[in-house]
Amino acid sequence: MSNIVAIQNIADYIGQEVTIQGWLYAKTGKGKIQFLQVRDGTGIMQAVLFKPNLPPEIFEAGKRLTQESAVVVRGVVKENGRAPGVPGGFEIDTADLQVVQLSQEYPITPKEHGVEFLLENRHLWIRSRKQWALLRIRATVMRACREWLDTHGYVEMSTPILTPAAGEGTSTLFEVDYFGDTVYLAQTGQLYNEANIYSFGKVYCFGPTFRAEKSKTRRHLTEFWMIEPETAYQDLDGLMEMEEQFVSHVVQRVLQERRPELEVLERDIRMLENVTPPFPRVSYDEAFERITKIREESDDPELKELLKLEWGDDFGSPHETELTKLYDRPIFVYGFPTVCKAFYMEPWPNRPEVCKSVDMLAPEGYGEITGGSERISDPDLLLKRIHEDNLPEEAFTWYMDLRKYGSVPHSGFGLGIERTVAWIAGTHHVREANPFPRTLGRVYP
RNA sequence: UCCUCGGUAGCUCAAUUGGCAGAGCGAGCGGCUGUUAACCGCUUGGUUGUUGGUUCGAGUCCAACCCGAGGAGCCA
């Protein structure tokens, strides 16, 4: 058996005999020549079977291969511009072919399919080129997130998924029976992060998070992954500086390491190359004025209706989309009205109707990818806000403790992985940015 | 929860005014030395989402329900 190599490194083996262990992605051929596209998890490459050069039984076996059959191919690597693949341009002149398993009739053909069918077959759909490319990018995004934080003094702290009460008292939570009591699946680790900073200074949590909202849009999942950094002694300005460094690093890392995958997805990377600090900072007041102006100047009655807005309203998806169209990179919108944000956000100095909150909006209509704020550090103010929002004071006893023992200004944010991946990869729907997405209408497979 | 659209062969879709349920792809067989979703010939393929109703006759009309998709609200 010759050297077993990964297709992603195939350029290093030109002229050498190698072995590829994989699966048949596609096949075509003529009478005396067969072209097999073989994928091995790291890429796709063509194996050529030429009848006069092979024992008859090997050529016949190649001809009879079905889509997704498991195969081991041995042969010499050749450079050939006609050869398709990821990365393309290389093929194996096959000397030997071993059929590990002959696949049964595979439901996902190279032709078009509907969304429902593909989601029903998600366990197989992830093998398809675009899904594979997208999920490879997801893995790189997740690693790049950790990479930036780990090299900037952040300590990863796991926060609980089973929680006793609402994190923010707003969104709908999934209930779980806990030995007769009701507990809830976490929708954020933030409050625990705020405890962790007093031990570690800079922390982050990274894991799944759950929202039982009945949202049916291409931007929503009921289970999604979120990374949440929290930093002691950091105000709102410091938070924005950190966020733009962090997100820029993630995007640039994907550009460095996942070019072939971005090509598979036909992503226009010019918009990604723009993603460098600083990001434009737009106050809520300014954004409000701009959106109002766009609405007034629009001739489209439908858009006019969607863009209806009064001061104090949170922005909806249509507002975000119109606003981000004005910029060529992600933007910060900061200083939202206190009424539309969570209780723990620090009020703006001398303007209590506004809080020190900030959302990052991705360009090209992908919407909100991070939400964050400077947190209230004063115990009296925090208690007042808990009362104003009619939250149960006793549930926040431990959280109030954090304001008694060495309380400092601090801030943090949460970044939604699927939305970020969908934006970077240029994918229409967030569900494709998760290997096995959970949506309002689907928990299978 | 509300609004809109959809459900016919394994898949993607068609079916005129209510009148024999079809095509392409896939799969099977044969042919072809450079394919890129190859091509050519033959073969194979049906509980029309469910239940009830109208009718001589329903994929088509009516009612209820089920499932899915897109959007709104809410949110990352």
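Since the model is a prediction, treat every value here as computed from it, not as a measurement. Every chain is numbered from 1, with letters handed out A, B, ... down the list of sequences.
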What side-chain hydrogen bond (donor to acceptor under 3.5 Å, both in side chains) pairs are there with at least one residue in residues 413-427 of chain A, not counting sequence neighbours?
A:Arg138-A:Glu418, A:Glu418-A:Asn434
Contact class for A:Asn80 (heavy atom, under 4.0 Å): base, sugar-phosphate, or nothing?
base
With heavy atoms under 4.0 Å as the rule, sort A:Arg431 into base, sugar-phosphate or nothing.
sugar-phosphate
Return yes if the base of B:C67 and the side-chain atoms of A:Arg442 contain a donor-acceptor N/O pair under 3.5 Å, otherwise no.
no
Would you indicate, yes or no, if B:A72 has its OP1 or OP2 atom less than 4.0 angstrom from a side-chain nitrogen or oxygen of A:Arg219?
yes
How many Å lie between CD on A:Glu305 and P on B:C3, as a whole number?
16 Å
Using heavy-atom distances to pick each residue's nearest nucleotide on RNA chain B, tell me which of A:Asp314 and A:Ser317 is more 5'.
A:Ser317
Taking atom types as they are modelled, is there a donor-acceptor pair under 3.5 Å from the base of B:A72 to the side chain of A:Lys216?
no
Could you tell me how far B:C66 sits from B:U51 if I compare only their C1' atoms? Round to whole Å.
10 Å
When all nucleic acid strands are considered with a 4.0 Å heavy-atom cut-off, which category describes A:His428: base, sugar-phosphate, or nothing?
nothing
Tell me whether the OP1 or OP2 atom of B:A27 has a side-chain N or O from A:Arg64 closer than 4.0 Å.
no
Could you pick out which residue, A:Gln34 or A:Pro110, lies toward the 5' side of RNA chain B when each is mapped onto its nearest nucleotide?
A:Gln34
Sugar-phosphate, base or nothing in reach of A:Thr370, heavy atoms under 4.0 Å:
sugar-phosphate
Output yes when at least one side-chain N/O atom of A:Lys30 is less than 4.0 Å from OP1 or OP2 of B:U35, else no.
no
Of all the base pairs, Watson-Crick or G-U under 3.5 Å, which form stems of three or more consecutive pairs involving RNA chain B?
B:1-7 with B:66-72, B:10-13 with B:22-25, B:26-31 with B:39-44, B:49-53 with B:61-65
Under a 4.0 Å N-O cut-off, is there an ion pair linking A:Glu120 with A:Arg442?
yes
Can you measure A:Glu213 atom CD to B:A76 atom P for me and round it to whole angstrom units?
8 Å
Taking the side chain as everything from C-beta on, heavy atoms only, tell me whether A:Leu149 gets closer than 4.5 Å to A:Met242.
yes
Stacking between A:Phe35 and B:G34, defined as ring centres under 5.5 angstrom apart with planes under 30°, is that present or not?
no
Which of B:G34, B:G73, B:G70 is nearest the side chain of A:Pro318? It is B:G73
Looking only at atom C1', what distance separates B:G24 and B:C67, rounded to whole Å?
27 Å
Hey, which of A:Arg267, A:Arg329, A:Lys325 is the one that makes salt bridge (Lys or Arg N to Asp or Glu O under 4.0 Å) with A:Glu364?
A:Arg267
A:Leu49 vs A:Ile33, side chain to side chain contact (heavy atoms under 4.5 Å, CB included): CA-CA, chis, key distance, verdict:
CA-CA 6 Å; A:Leu49 275 67; A:Ile33 189 164; over 6 Å; no
Given atom CG of A:Leu303 and atom P of B:A72, what is their separation to the nearest angstrom?
12 Å
Roughly how many Å apart are B:G30 and B:U8, using the P atom of each and rounding to a whole number?
34 Å
Can you list the residues that meet the side-chain contact (heavy atoms from CB on, under 4.5 Å) rule with A:Val155, with sequence neighbours excluded?
A:Met157, A:Phe200
Whole Å only: how far is the CZ atom of A:Phe413 from the C1' atom of B:C75?
17 Å
Give me the distance, rounded to whole Å, that separates B:A38 from B:G26 when you measure between the C1' atoms they each carry.
15 Å
Residues at least two apart in sequence or cross-chain that pass side-chain hydrogen bond (donor to acceptor under 3.5 Å, both in side chains) with A:Thr94, listed by chain then number, are none
Per-nucleotide protein contact string for nucleotides 7-14 of chain B, where B marks a base within reach and S marks sugar-phosphate only (heavy atoms under 4.0 Å, - for neither)
----SS--
Taking the C1' atom of each, how far is B:G45 from B:A23, in whole Å?
13 Å
From the options B:C75, B:A72, B:U33, select the nucleotide whose nearest atom is closest to the side chain of A:Ile33.
B:U33
Could you tell me the separation between the OH atom of A:Tyr106 and the P atom of B:A37, rounded to a whole number of Å?
17 Å
Rounded C1' spacing from B:C61 to B:C56 in Å
16 Å
Relative to the ring of A:Tyr284, is the ring of A:Phe288 parallel (under 30°), tilted (30 to 60°) or perpendicular (over 60°)?
parallel
Which nucleotide, B:C75, B:U36, B:G71, lies nearest any side-chain atom of A:Arg218?
B:G71
If you check the A:Pro52 side chain, which of B:G73, B:U33, B:A76 turns out closest?
B:U33
Side chain of A:Leu306 only, please: which of B:G34, B:U33, B:A72 is the nearest?
B:A72
Of all residues at least two apart in sequence or in a different chain, which pass the side-chain hydrogen bond (donor to acceptor under 3.5 Å, both in side chains) check with A:Glu320?
none
Pick the C1' atom in B:A9 and in B:G59, then give their distance to the nearest Å.
14 Å
For A:Leu102 and B:G28, what is the distance between atoms CG and C1' respectively, to the nearest whole Å?
13 Å
Classify the ring geometry of A:Phe332 against A:Phe279: parallel below 30°, tilted from 30° to 60°, perpendicular beyond 60°.
tilted
Report the relative orientation of the aromatic rings in A:His123 and A:Tyr444; use parallel for angles under 30°, tilted for 30 to 60°, perpendicular for over 60°.
perpendicular
Does NZ or CZ of A:Arg122 come closer than 6.0 Å to the centre of the six-membered ring of A:Trp125, within 45° of the ring's axis?
yes
Ionic contact status for A:Lys78 with A:Glu91, cut-off 4.0 Å:
no
Roughly how many Å apart are B:U50 and B:C11, using the P atom of each and rounding to a whole number?
14 Å
Regarding B:U36, can its base be found pairing with the side chain of A:Gln37 as donor and acceptor, where the two atoms are less than 3.5 Å apart?
no
Selection from B:C75, B:A69, B:G34 that lies nearest to any side-chain heavy atom of A:Arg419:
B:C75
Rounded to the Å, how far apart are A:Phe210 CZ and B:C75 C1'?
16 Å
Just checking A:Glu91: base, sugar-phosphate only, or nothing, at a heavy-atom cut-off of under 4.0 Å?
base
Using a heavy-atom cut-off of under 4.0 Å over every strand shown, decide if A:Ile417 touches base, sugar-phosphate, or nothing.
nothing
Without decimals, in angstroms, what is the distance between A:Phe59 CZ and B:G31 P?
11 Å
